[in-house]
Structures are given as C-alpha cells and as structure tokens.
Amino acid sequence: MCNSNVKSAGVAQIDGRPVLQPAGNRVAPPEGARPLKKSLHKSLSMPASFDNNAAAAACAAARPAPENTTRAASLLPPATPASVTARATKAAAAAAEKSRAKGRKPGAVLPVVAFAALEAFEPAGSIAAAHREHAALAQAQRKMRIAHYGRTASFSRVEGRVGATATAAAEPAVPASPTGLDEKRCSFITPYSDPLYVAYHDEEWGVPVHDDELMFEMLTLSGVQVGADWTSILKKRHVYREAFSGFDVDAVAKYTEKQMASLSADFGLDLGTVRGTVNNACRILEVRRDFGSLDRYVWAFVNNKPLSPGYKYSRKIPVKTSKSESISKDMVRRGFRFVGPTVIHSFMEAIGLTNDHLVSCPRHRACSAAAASRAY
C-alpha cells in the first residue's frame with residue numbers, strides 16, 4: 001500500500017533531498033534554467049587571449065535591462081563609450097601587469113577589472129551622479145560652516161565694513177549733506193532718506209518742547225503716524241496745520257460737528273481723526289485748569305528732566321517703555337484719544353521728553369545741552 005502510494009506520488013529532489021510529491025503538484029522546470037553560480041562563472045570565464053575592447057562590450061551586454069526599465073533608461077543621456085572604454089582598458093592593463101608581477105595568469109583577472117571599471121563610470125545625468133554631486137555640495141557647505149564657526153561679533157562687523165566699503169566703491173557717489181553729518185547721524189538716517197525727514201531729525205526730533213500748541217501738534221501727528229511713516233506725515237504737516245487752525249487749542253476745542261464733517265471732506269482727513277483731535281483739544285483745556293498748562297502736566301512725569309537712555313544701536317530703541325505706559329494710562333483716564341503706549345512713546349521722542357538719539361549722533365549731545373540749559 002505504501003509502496004504503491006510512493007510510486008504514484010513520485011520522488012522529487014528539493015535542495016538535494018528526496019521529497020515525496022503528488023503527481024498533480026509536479027511543475028516542469030523552466031527551460032534553459034541553470035545554476036546562478038555556473039552562469040556567472042561562464043559569463044566571467046574568458047580565454048587567455050583577451051581583448052580589452054571586447055571585454056568592455058561583453059560586460060555591458062551581460063547586464064541587460066528589464067523590459068519595464070528600458071523606456072526609463074532610454075531617457076538618460078548617452079554615455080561616452082570611447083572615454084569609458086579607454087579608462088577600463090587602462091585599469092585592466094594595470095591589473096594585468098600587477099598579476100604578471102605576482103606570477104598569475106592575466107586572463108582570469110582582466111574581465112573582473114574591466115567590469116568594475118565600467119561600474120565606476122555611470123553615464124552623465126544618472127541618479128548616482130546626482131547623488132554624488134549632492135553629497136559633494138553638502139560636504140562643501142559643512143566645511144564652510146566649520147570655517148565660520150566661532151567668529152566674534154567684532155570680526156563680523158569688520159567683515160561687514162569691508163563688504164560695505166567694496167559695495168560703496170562700486171556704487172555712484174551720493175552728494176553729502178551741507179551739515180556734514182552723514183557719517184555720524186543715527187543709523188536709521190541714510191544718504192537716501194527724504195530731505196524733509198532728515199531736516200526733522202536734525203532740527204526738531206528730541207529737542208525739548210514746552211509750547212502747548214507745538215505739543216498739541218506733535219501729539220496729533222504721533223497719533224496719525226500709526227500705520228504710516230514719518231516722511232509721509234511730515235509731507236502732509238501743512239494740511240493738518242491749516243485744517244486745525246495752526247493747532248490753536250482754544251479754536252479747535254470749539255469746532256462743531258458740522259465743521260468737523262466739512263474739514264474731513266475739504267482736506268481729505270479721516271472723520272475719526274478729526275473728532276479725536278477736537279476731543280483732545282477739549283481735554284487739554286481741562287488739563288490747563290488743573291495744572292496750568294499742558295507743558296507742566298506732561299513734564300511732571302519725568303521730574304522736568306529729559307530721559308537719556310544712551311542707546312548705541314537703533315535696534316535697541318524700544319517702541320514703548322514703562323514710562324510711556326504710565327503716561328498713556330493717565331491720559332486715557334482723563335479722556336484723551338489716540339494715546340496708546342506706542343503713540344505716547346513717539347510723542348515723548350518728538351517733544352524731547354526722552355533723548356533717543358544714538359550716543360554717536362551729534363544731535364544726542366545737542367539735545368542734552370538744550371535740556372541742561374533750561375532752568376526748571
């Protein structure tokens with residue numbers, strides 16, 4: 001019984017061992033199949049009389065591309081067979097000479113060397129070439145970071161000055177200002193700044209102000225300046241002066257609703273800004289009744305002595321301070337409008353309540369001298 005089953009099932013050789021297998025499970029071996037080692041050995045075995053050019057062509061033909069990659073491979077840039085074959089020939093010749101020196105037959109070494117040489121030289125534009133280029137670029141960037149690591153700020157400033165000097169030499173010369181302060185002004189004043197803004201910096205900004213009308217004007221302009229720049233506001237300064245009667249507090253406080261609407265339409269001003277300015281004029285009248293003048297009220301916050309922080313860099317100048325916040329809170333409590341901490345800090349800079357000129361700017365010393373010369 002068992003013998004008949006064995007005969008009907010058959011014995012199959014799997015990995016060199018006899019294994020019983022039913023007749024229905026028998027699979028015919030593929031035609032032309034041969035062991036991998038034998039095929040590889042046969043493809044690499046060459047006679048002693050070996051031709052280098054023929055070896056390169058044979059090695060390239062021994063690696064056929066699959067059908068699904070033939071189309072993708074055809075899109076790659078073509079290789080340079082002449083240069084590749086020449087390099088493979090040189091590598092094979094060197095290996096042959098080395099093998100002869102050791103007493104070996106060169107025929108068994110040349111095909112492998114030629115195959116390795118062909119593997120090392122991919123066609124231009126291949127994925128491997130792109131990877132190598134990317135790796136080389138990353139290595140160069142890493143070396144650059146290592147070279148620049150640990151540089152001090154002073155060295156960076158010196159390097160920046162050298163670069164700026166080279167750039168200035170390449171650019172056309174800009175005419176110097178009559179005051180001769182182009183190289184010493186605050187850093188936010190450049191040779192390309194608007195002349196009106198430069199004049200405001202050199203003549204008004206940071207100078208202590210004690211006139212109520214001028215303080216009212218600066219408070220209004222500081223509130224309007226939010227969301228804009230001082231240059232555009234200064235260009236419209238004459239419009240605000242004409243609209244608000246030269247910032248006469250008594251006259252502006254008497255504006256009616258009809259007059260405010262007419263001013264907004266005639267001068268192109270925002271109606272909310274006009275109403276806020278009229279409201280502030282009324283609040284200034286109340287401050288005058290309590291303190292005698294707007295000047296005494298405002299300067300009392302700093303003990304009648306301008307603040308002098310002594311900034312060395314423009315980036316250190318804040319947009320608001322604890323002092324501007326305290327003044328803002330008191331003015332809001334009194335009913336003023338458009339008097340946030342940032343607006344009040346700009347107002348303090350404009351009327352000289354704080355001297356925010358850089359210590360390297362000549363205007364810093366001039367404003368300090370003007371404040372010291374006044375007897376409080």
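Atom set for the values below is all heavy atoms of this structure, side chains included, hydrogens, waters and symmetry mates excluded.
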Query - salt bridge (charged side-chain N to carboxylate O under 4.0 Å, His left out) partners for Asp211, two or more places apart - result: none
Query raised in the report: Who pairs with Lys312 by salt bridge (charged side-chain N to carboxylate O under 4.0 Å, His left out), at least two apart in sequence or on another chain?
Result: none
Report task. Given side-chain contact (heavy atoms from CB on, under 4.5 Å), test Met215 with Ile284 step by step and report yes or no. Result -> CA-CA 10 Å; Met215 295 177 72; Ile284 291 175; over 6 Å; no
Query raised in the report: Pro306 and Ala371: which non-hydrogen atoms are nearest, and at how many Å?
Result: CG-CB, 3.3 Å
Report task. Please tell me if the side chains of Tyr197 and Ser232 come closer than 4.5 Å, counting only heavy atoms from C-beta onward. Result -> no
Query raised in the report: Can any side-chain N or O of Asp270 pair as donor or acceptor with the backbone N or O of Gly272 at less than 3.5 Å?
Result: yes
Query - Same apolar cluster (I L V M F W Y, side chains within < 4.5 Å links), Leu285/Leu214 - result: yes
Query raised in the report: With a 4.5 Å limit on heavy-atom distance, are the side chains of Arg237 and Ile233 in contact?
Result: no
Query raised in the report: What distance do Tyr255 atom OH and Ser262 atom OG have between them, rounded to the nearest 0.5 Å?
Result: 10.0 Å
Query - Under 4.5 Å side-chain linkage, directly or through intermediates, the cluster mates of Val343 - result: Val226
Query raised in the report: Would Leu219 end up clustered with Val239 when hydrophobic side chains under 4.5 Å apart are linked, directly or stepwise?
Result: yes
Query raised in the report: Restricting to pairs with a member in residues 274-297, which pass ring pair (Phe, Tyr, Trp, His ring centres under 6.0 Å), not counting sequence neighbours?
Result: Phe291-Tyr297, Tyr297-Phe301
**Report entry** Summary of salt bridge (Lys or Arg N to Asp or Glu O under 4.0 Å) pairs that have at least one residue in residues 245-255, sequence neighbours excluded
**Finding:** Asp250-Arg288
Query raised in the report: With side chains defined as the heavy atoms from C-beta onward, is the minimum distance between Val249 and Asn280 less than 4.5 Å?
Result: no
Report task. Find the distance between CG (Leu307) and CG (Asn303) and round it off to the nearest 0.5 Å. Result -> 9.5 Å
Query - Point-to-point distance, once rounded to the nearest 0.5 Å, from OG of Ser245 to CG of Leu263 - result: 7.5 Å
Query raised in the report: Given side chains that start at C-beta, do those of Val332 and Val339 come closer than 4.5 Å, heavy atoms only?
Result: yes
Requested in this report: Assess whether atom CD of Glu242 is packed by more than 12 heavy atoms of other residues, nucleotides or ligands within 6.0 Å.
Outcome: no
Query raised in the report: Is any side-chain heavy atom of Trp299 less than 4.5 Å from a side-chain heavy atom of His210?
Result: yes
Query raised in the report: Same hydrophobic cluster for Leu269 and Val252, using side-chain heavy-atom links shorter than 4.5 Å among ILVMFWY?
Result: yes
Query raised in the report: Are Arg363 and Ile189 close enough, and set up right, to give a side-chain contact (heavy atoms from CB on, under 4.5 Å), and what steps lead you there?
Result: CA-CA 12 Å; Arg363 293 301 304 167; Ile189 299 295; over 6 Å; no
**Report entry** Sequence-distant partners of Glu325, salt bridge (charged side-chain N to carboxylate O under 4.0 Å, His left out), two or more places apart
**Finding:** Lys320
Report task. May I have the step-by-step check of side-chain contact (heavy atoms from CB on, under 4.5 Å) for Leu221 and Trp230, ending in yes or no? Result -> CA-CA 9 Å; Leu221 296 181; Trp230 268 109; 4.1 Å; yes
Requested in this report: Go through the steps to decide whether Leu137 and Gln141 satisfy the test side-chain contact (heavy atoms from CB on, under 4.5 Å), and finish with yes or no.
Outcome: CA-CA 6 Å; Leu137 180 60; Gln141 293 176 350; 3.9 Å; yes
**Report entry** Taking every non-hydrogen atom, the tightest pair across Asn279 and Arg283
**Finding:** OD1-NH1, 2.6 Å
Query raised in the report: If we only count heavy atoms from C-beta on, is the Met348 to Ile327 side-chain gap below 4.5 Å?
Result: yes
Report summary line: Closest non-hydrogen contact found for Asp295 with Val209 is OD1-O, 4.1 Å
Requested in this report: Decide whether Phe338 and Ile344 are clustered together by the hydrophobic rule: side chain heavy atoms of Ile, Leu, Val, Met, Phe, Trp, Tyr closer than 4.5 Å, transitively.
Outcome: no
Query raised in the report: If you look at every heavy atom in Ala253 and Ala281, which pair is closest and at what distance?
Result: N-CB, 3.8 Å
Report summary line: Smallest heavy-atom separation, Ser328 atom then Pro341 atom, equals OG-N, 3.5 Å
Report summary line: Paired with Phe347, the side-chain contact (heavy atoms from CB on, under 4.5 Å) test is passed by just one of Thr220, Val298, Leu353, namely Val298
Query raised in the report: Which residue pairs pass the salt bridge (Lys or Arg N to Asp or Glu O under 4.0 Å) test when at least one of the two sits in residues 334-353, sequence neighbours left out?
Result: Asp290-Arg334, Asp330-Arg334
**Report entry** Partner residues of Glu257 under the salt bridge (charged side-chain N to carboxylate O under 4.0 Å, His left out) criterion, sequence neighbours left out
**Finding:** Arg275
Report summary line: Contacts satisfying side-chain hydrogen bond (donor to acceptor under 3.5 Å, both in side chains) that involve residues 351-360 (not counting sequence neighbours) are His201-His357, His345-Asp356, Thr354-Asp356, Asn355-Ser368
Report task. Only counting residues at least two apart or in another chain, list the ones meeting ring pair (Phe, Tyr, Trp, His ring centres under 6.0 Å) with Phe247. Result -> Phe216, Phe244
**Report entry** From OH (Tyr313) to SG (Cys186), nearest 0.5 Å
**Finding:** 14.0 Å
Query raised in the report: Which distance, rounded to the nearest 0.5 Å, do you find between the CD of Gln225 and the CG of Leu234?
Result: 9.0 Å
Query raised in the report: Is the closest side-chain heavy-atom distance between Met260 and Val278 below 4.5 Å?
Result: yes
**Report entry** Contact summary for Leu294 and Asp212, nearest pair of heavy atoms
**Finding:** N-OD2, 3.1 Å
**Report entry** side chain to side chain contact (heavy atoms under 4.5 Å, CB included) involving Ser326 - partner list, sequence neighbours excluded
**Finding:** Lys323
Requested in this report: Answer whether the closest heavy-atom distance between the side chains of Leu358 and His364 falls below 4.5 Å.
Outcome: no
Requested in this report: Hey, could you give me each pair passing ring pair (Phe, Tyr, Trp, His ring centres under 6.0 Å) that has a residue in residues 260-287? Not counting sequence neighbours.
Outcome: none
